[in-house]
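Reviewing the structure listed below.
Bear in mind that the values here come from a model prediction, so they are computed numbers and not experimental data.
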Amino acid sequence: MHCLYLEVSCSTCSRMSRDCLTVKLRPFLPASLFIISLLVPAADAEVTFEHQNAPPETRLYKKRWIIVFLFSSYSLCNSYQWIQYGIINNIFMRFYGVDSFTIDWMSMIYMLTYIPLIFPVSWLLDKKGLRVIALVAAALNCTGTWIKVASARPDLFPVTFMGQFTCSVAQVFILGMPSRIASVWFGSKEVSTACSIGVFGNQLGIAIGFLVPPILVPNVDDLDELAAHIRVMFYITAGVATFLFVLVVIVFQERPEIPPTHAQAAARRISPESYSYTGSILRLLRNKAFILLVITYGLNVGCFYAVSTLLNRMIIEHYPGEEVNAGRIGLTIVIAGMVGSLICGIWLDRSKTYKQTTLAVYLMSLVGLVLYAFTLDLGHLWVVFITAGTLGFFMTGYLPLGFEFAVELTYPESEGTSSGLLNCSAQVFGIIFTICQGKIMDSFNTLAGNLFLCAFLLIGTIITACIKSDLRRQLANQQALAAVSIKPNLSAKHLRNYTLQLHFIHYMRYIVIEIRLRFS
C-alpha cells in the first residue's frame, strides 16, 4: 500500500522524538474516486502522527561530572610525577650521583615519549574509544609508580628512569582526552568549562609536584635518611595511583546513551568504516588556521614547560637554599593558571569569542614573562611570587583555550587527533626550549634565558593574530537548532487541507508515470 508522509511539528511535545506525531495518508485511490475523496473523508482513512527526519534527541547526564572529575584525578596523579624530580633537582643529583642535565631529562622524557606515540594513541582513541584509553592510561601510571618504589637507592637510577618512562607513556594516553570528554559528554554551553576542568587536573598535579616533593624530601646530608624520605614519597604516589586505577575500572564509561548535542549526534552517524585516520590527519594538515594554531600553541606551552623544568635552577641561582620556596613559586604559577583556565572556560561558554580571547591571553602571557624575567634578580622573593603568579594566570590559562579553539577550527574531525597534534607541537618546542634555555643559563645568566623565551612568545602572538576564526562546531549546532525552529506548526483543519493538496500532487505524478509507461 502506497502512503504519503508529511513532516509536522507537535505543539504539545517538548522533545522532538520519533514517538510523537506522524501523518499517514490513505492509500492511493482510483481516479474516479479520488476527486470524491477530496470532499468526503474515506471511512478507512487513518491519521496518526510522527516526526519524520526530526532532529535527534539530546540529553545531559549527571554522570558527566563524575567522568570528568575522575579523569582530572588520574591526570593529576600523572602530571605530578612529571615535575617531582626537577623541582628538587639538586637533591636527586646528589642522591643518584648524576649531573643536572640528566635530572632535566626526567622531565623531558615526558615530552620526548609523546612525539612518536601520539599518532598511534590518537588512532587507538578513535577506534576503541574513551574507556579503553582511560584504562590503559591509569594502568601504565599505576605500574610506573610501583617501579619507582623499588628504585629508592643511590645505585638504582636506571630503575627510577624506567618508572618515569612508564609514566611518560601513560601521559600520552591522557593529554588528548579533555576536549574529547567535553564533546562526548557535555552540552554546547558547557564544553569549554568541561575542557577547562579536564586541564585543571593536569595543572593541579603540576602544582602538587612543585609543592610536595620539597616538603617530603628535605635536603639532608645522610643518604640513608634521604632514601627513606624518597621511598615515602614514592609509596604515597603508588597508593594514590592504584586507588584511581580501581575507580577507572569500576566507574569510567565510554559515552552517554543519548548524545548531549546535535553536533555530537551528527558525529555518531558517521560510520567507522567511512572514517580514515590518515585522511583525518591530511585534512588537518591542509587546514591553514589549525596549522597556525598548532605552531602558536607549541610556542606558548613549550615556554611553560621550559620555565617549569628549570624553575629550581633559576630560583637557587638567585636565592640559595630556597628549595621549598622554589616549589611554592611553582605552585603559585600553576594555581594562578588553574584560576585562569576556569575563568577562560566559563568566558568562552558565554561569549564564544575564541580568537579574541586566545589572542588577549597570549599577549598577556608575553607581558607576564617579561615581568618575571626582569624581577627575578631583584632580591625580593615576594616580588617573584607576584610576577610568577601573573605569568601562570595567563600562560597556563591558555591551555584549554588552545584545545577548544582547535576543536572549533577542525569540526567534525576527531577531538583526540587535533589535541594530539597540539600536544605534539608543545612537546617538540618544550624539549628545544628547555635544552636551549638551560645552555643559555649556563653560558650567560637566567635573564638571557628568559628573554630567549620572550622572543618566541612575541612571534606566537603575531601568528595568533593571523588565525582565521572559523568556528565550525558552533555553526553545526546553530544549524541544527535552526532546523528545529523552522518546523511548521499546523492546526488540524490546515493540516487536512495541506495533506490533501500534497496527496493530489503525488497522485497526478503517479498518473503521468503510468501514461509514460503505456505509450513508451
Side-chain angles (χ1 to χ4, degrees), residues 68 71 75 114-130 133 171-186 188 191-192 194-196 198-199 202 255 261 263-264 266-268 270 272 275-302 341 344-345 348 352 354-355 357-358 362 398-430 460 463-464 467-477:
V68 74
F71 165 77
S75 176
Y114 191 89
I115 298 169
L117 293 181
I118 179 53
F119 296 105
V121 170
S122 295
W123 175 85
L124 192 63
L125 176 60
D126 290 333
K127 292 297 182 181
K128 300 298 181 181
L130 286 172
I133 298 300
Q171 175 226 208
V172 184
F173 290 82
I174 292 173
L175 288 186
M177 289 184 68
S179 57
R180 181 63 170 265
I181 292 175
S183 295
V184 170
W185 280 93
F186 287 82
S188 58
V191 286
S192 297
C195 186
S196 297
V199 176
N202 187 273
R255 66 182 188 180
T261 63
Q264 186 59 213
R268 288 191 185 186
I270 300 175
Y275 175 78
S276 169
Y277 179 71
T278 304
S280 178
I281 292 289
L282 293 176
R283 286 190 295 272
L284 291 177
L285 294 178
R286 289 193 294 265
N287 187 329
K288 294 181 180 179
F290 175 68
I291 292 301
L292 291 178
L293 181 62
V294 167
I295 295 172
T296 57
Y297 185 89
L299 292 173
N300 189 300
V301 181
S341 295
C344 289
L348 282 184
K352 307 301 182 185
Y354 287 86
K355 178 180 176 178
T357 305
T358 301
Y362 213 112
Y398 173 80
L399 297 176
L401 291 179
F403 281 140
E404 283 302 296
F405 197 13
V407 174
E408 292 293 337
L409 293 175
T410 60
Y411 179 85
E413 303 297 340
S414 169
E415 298 87 355
T417 306
S418 61
S419 298
L421 289 173
L422 289 182
N423 283 316
C424 186
S425 173
Q427 312 307 319
V428 171
F429 282 111
I463 297 176
T464 299
I467 298 176
K468 181 181 178 181
S469 183
D470 182 16
L471 308 182
R472 300 180 181 183
R473 182 175 62 180
Q474 294 301 316
L475 179 62
N477 280 321

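The distance from the CG atom of Asn202 to the OG atom of Ser75 is 4.0 Å, given to the nearest 0.5 Å. Annotation: the span from Ser418 atom OG to Arg180 atom CZ amounts to 9.5 Å, rounded to 0.5 Å. How far CG of Leu293 is from NZ of Lys468: 15.0 Å, rounded to the nearest 0.5 Å. Atom CG in Leu421 sits 11.0 Å away from atom CG in Asn287 (nearest 0.5 Å). Taking CD1 from Ile463 and CG from Leu299, the interatomic distance works out to 6.0 Å, rounded to the nearest 0.5 Å. The structure places CG of Leu409 at 10.5 Å from CG of Leu284, a figure rounded to the nearest 0.5 Å.
Counting heavy atoms from C-beta on, the side chains of Phe290 and Ile467 never come closer than 4.5 Å. Using a 4.5 Å heavy-atom threshold, the side chains of Leu130 and Phe71 count as separate. Taking 4.5 Å as the limit, some side-chain heavy atom of Val68 sits within range of a side-chain heavy atom of Phe186. A heavy-atom distance below 4.5 Å is not found between the side chains of Asn423 and Ile118. Taking 4.5 Å as the limit, some side-chain heavy atom of Gln427 sits within range of a side-chain heavy atom of Gln171. Between Phe173 and Leu125, every side-chain heavy-atom pair lies at or beyond the 4.5 Å cut-off. In this structure, Trp185 and Ile181 have side chains that are in contact, with non-hydrogen atoms separated by less than 4.5 Å. Between Val301 and Phe429 the shortest side-chain heavy-atom distance does not fall below 4.5 Å.
Smallest separation of non-hydrogen atoms from Gly402 and Tyr297: CA-CD1, 3.9 Å.
Ring geometry for Tyr398 versus Tyr362: interplanar angle over 60°, hence perpendicular rather than tilted (30 to 60°).
A donor-acceptor contact shorter than 3.5 Å links the side chain of Ser425 to the backbone of Val294.
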For this session: Check the pair Tyr114, Val428 against side chain to side chain contact (heavy atoms under 4.5 Å, CB included), reporting the backbone distance first and the verdict last.
Result: CA-CA 9 Å; Tyr114 191 89; Val428 171; over 6 Å; no
